[in-house]
Amino acid sequence: MNSVMWTVADSWVMAKRSVTHILRSFDQIMSLVLFPIMFMLLNRYVLGGAIDTGDVTYVNYLFAGILVQTLAFGANYTTINLAVDMKEGVVDRFRSLPMSNNSLIFGHIAADLVRNIISAIIIIAVGFLVGFRPNASLQDWLYVFALAMLFTLAISWLSAILGLLVKSLEAAQWVGFVLIFPLTFISSAFVPTETMPAALQAFAENQPVTHVIDAMRSLLVGTPMGDSGWLSVVWCTGIILVSIPITGWLFRRRSAA
Amino acid sequence: MVKTESKNAIVVKNLHKSYKQLAVLKGISFSVERGSILALLGPNGAGKTTTIKILSTLLQADKGSATIEGYDVVKDSNEVRARIGLTGQYAAVDEYLTGQENLVMIGRLYHLDKKEVNRRATELIKQFDLVKASTRPVKTYSGGMKRRLDLAMSLIAAPPIIFLDEPTTGLDPRSRLVMWEIIKKLAAQGTTILLTTQYMDEADHLADNIIVIDGGKVIAEGDANSLKAKVGADHLDLTISKKSNFDDARRALKSEKIKVDAEQRIISIATKGGVKKLKQLLGKLEDAKIQVESVSLRRPTLDDVFLTLTGHGTTKTTDENDKEAK
């Protein structure tokens with residue numbers, strides 16, 4: 001086998017490890033199941049009555065926002081899990097093996113994809129229960145799935161950078177939220193951006209999370225797509241392409257210290 | 001498999017390594033004969049872990065070179081990694097996976113095929129007395145079990161060379177003996193072993209050859225007997241009856257190379273002189289009218305080795321170790 005094949009094989013081994021971590025860790029399972037349900041119900045019933053979303057019902061408007069927020073939080077696990085690995089002796093063991101070094105990061109990111117597929121299924125089920133009624137075709141759903149995975153990869157790679165930057169596990173717990181909270185709240189996730197002050201609106205309308213949400217919302221319930229489709233793909237791909245070499249460099253730097 | 005026909009599996013030449021301003025290795029050289037056990041003996045901060053990290057390709061030296069079975073640890077790092085097993089100071093096991101899953105994972109990362117991995121895993125689980133625990137997540141294991149699994153993981157690909165960084169630190173006496181038996185068996189099967197330890201008795205018990213390092217330098221080298229001959233085979237511990245007499249006792253024995261523990265009122269003296277020397281020492285104390293509460297004879301410890309070889313004990317370098325650990 002050549003080195004690319006070995007990288008794939010090693011990443012597969014590492015992905016199996018990370019997915020096993022999800023299934024055996026009570027904390028991860030709970031947050032995986034509870035957060036999406038909680039956010040969906042809170043927004044739908046507590047805030048929903050006060051928010052005017054025009055032609056679409058609030059639950060139809062909200063669904064894409066909750067989905068993307070959940071995906072973002074799910075992908076953030078790479079920060080914590082990578083920081084844990086770097087802190088413990090286990091990374092030294094991996095580095096002393098004739099394996100591809102990148103596969104450790106690939107493994108965590110693959111686990112994020114699995115985690116987010118599970119979260120997405122839960123969100124969709126809960127959504128339908130509280131009145132979400134999409135008019136998407138099968139093809140639209142496939143696009144939503146593809147975009148969801150692309151977005152997960154983008155956030156995962158950003159999270160990998162954070163996981164390699166943080167010096168402590170305590171920092172790993174909150175640093176991701178500093179990135180994810182503003183991006184998901186100052187967006188079109190929960191309220192139409194026109195209701196925000198001008199500066200926030202300008203940010204909200206030009207940041208990637210809004211593009212991803214708008215694109216998904218359009219595919220699911222038929223709101224206008226505008227430029228959000230291609231913009232979200234370009235943003236996510238761009239983030240991934242920039243993040244990969246940075247994580248590689250950080251990993252080498254961290255492990256040489 | 002073996003690139004050179006030299007009798008040495010590991011050759012280390014003039015290794016230097018600094019972390020920022022702090023020089024941890026100041027020119028370490030040694031070699032390890034194939035199939036033998038070498039112990040790197042030294043206190044915390046002496047540079048033991050740094051040496052292991054360089055040899056296992058985790059860290060690059062600033063200067064000097066090291067080869068494993070003829071392969072350079074920097075230039076041929078992948079060849080080196082395929083031939084070594086590393087058991088670090090902290091059990092590098094995955095807590096969420098079972099013992100069996102840990103072994104299989106590492107075996108796959110050594111690029112063994114599935115059948116071979118499963119065969120080896122089953123074999124090692126039996127050999128390391130982990131049969132009942134093998135299907136439980138590792139977080140339920142005791143410290144001793146984790147260490148055994150950790151060692152088993154570095155053996156999964158049956159590498160010809162094993163690095164053991166303080167393999168028994170923190171283990172209870174029984175687990176320690178079990179570990180020693182495993183290490184001796186491995187060497188008997190032809191594995192080359194480089195281990196680090198802070199314990200003289202461990203080096204004495206296991207190693208064919210001992211390298212004593214301190215402050216990043218080799219300060220003595222040889223088998224256990226030749227080191228002991230240098231240090232003095234035995235140590236006399238004299239416990240002085242009264243604290244008020246302790247300083248007088250020190251003065252009375254000032255012509256000897258002594259080590260004192262004022263808190264416990266103990267004066268230790270390295271000696272090869274047996275009973276005659278004992279009589280002479282007790283005579284000196286009696287002349288000074290100092291009462292001795294008890295006398296005991298013991299084997300030299302690392303502290304004694306250091307006192308003899310360097311003139312200082314083993315404690316002064318602890319803060320350097322903190323830096324090394326990072």
Side-chain H-bond candidate by donor/acceptor type, [X] with [Y], under 3.5 Å:
| X | Y | result |
| --- | --- | --- |
| A/Ser96 | B/Ser56 | no |
| A/Ser100 | A/Asp10 | no |
| A/Ser31 | A/Tyr77 | yes |

Check for a donor-acceptor pair, side chain of [X] on one end and backbone N or O of [Y] on the other, with a separation under 3.5 Å.
| X | Y | answer |
| --- | --- | --- |
| A/Thr247 | A/Ile244 | yes |
| B/Asn8 | B/Val11 | no |
| B/Thr196 | B/Asp165 | no |
| B/Glu69 | B/Pro160 | no |
| A/Arg95 | B/Leu58 | yes |

Could you look at B/Ser77 and say if it's the side chain, the backbone, both or neither that has a heavy atom under 4.5 Å from chain A?
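Neither part.
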Going by residue number, which parts of residues 129-153 of chain B are within reach of chain A, meaning a heavy-atom gap below 4.5 Å?
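At a heavy-atom separation under 4.5 Å, chain A is reached by B/Lys139, B/Asp150, B/Met153.
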Which residues in residues 92-112 of chain B have a heavy atom less than 4.5 Å from any heavy atom of chain A?
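Answer by number: B/Ala92, B/Asp94, B/Tyr96, B/Leu97, B/Thr98, B/Glu101, B/Met105, B/Ile106, B/Arg108, B/Leu109, B/Tyr110, B/His111.
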Worked check of side chain to side chain contact (heavy atoms under 4.5 Å, CB included) between A/Trp157 and A/Thr78:
CA-CA 8 Å; A/Trp157 278 108; A/Thr78 287; over 6 Å; no
Determine, stepwise, if the pair B/Arg120 / B/Glu116 fulfils salt bridge (Lys or Arg N to Asp or Glu O under 4.0 Å).
CA-CA 6 Å; B/Arg120 280 289 290 164; B/Glu116 174 71 0; 5.4 Å; no
Please classify the contact of A/Ser25 with chain B as side chain, backbone, both or neither, using a heavy-atom distance under 4.5 Å.
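Looking at A/Ser25, backbone and side chain both touch chain B.
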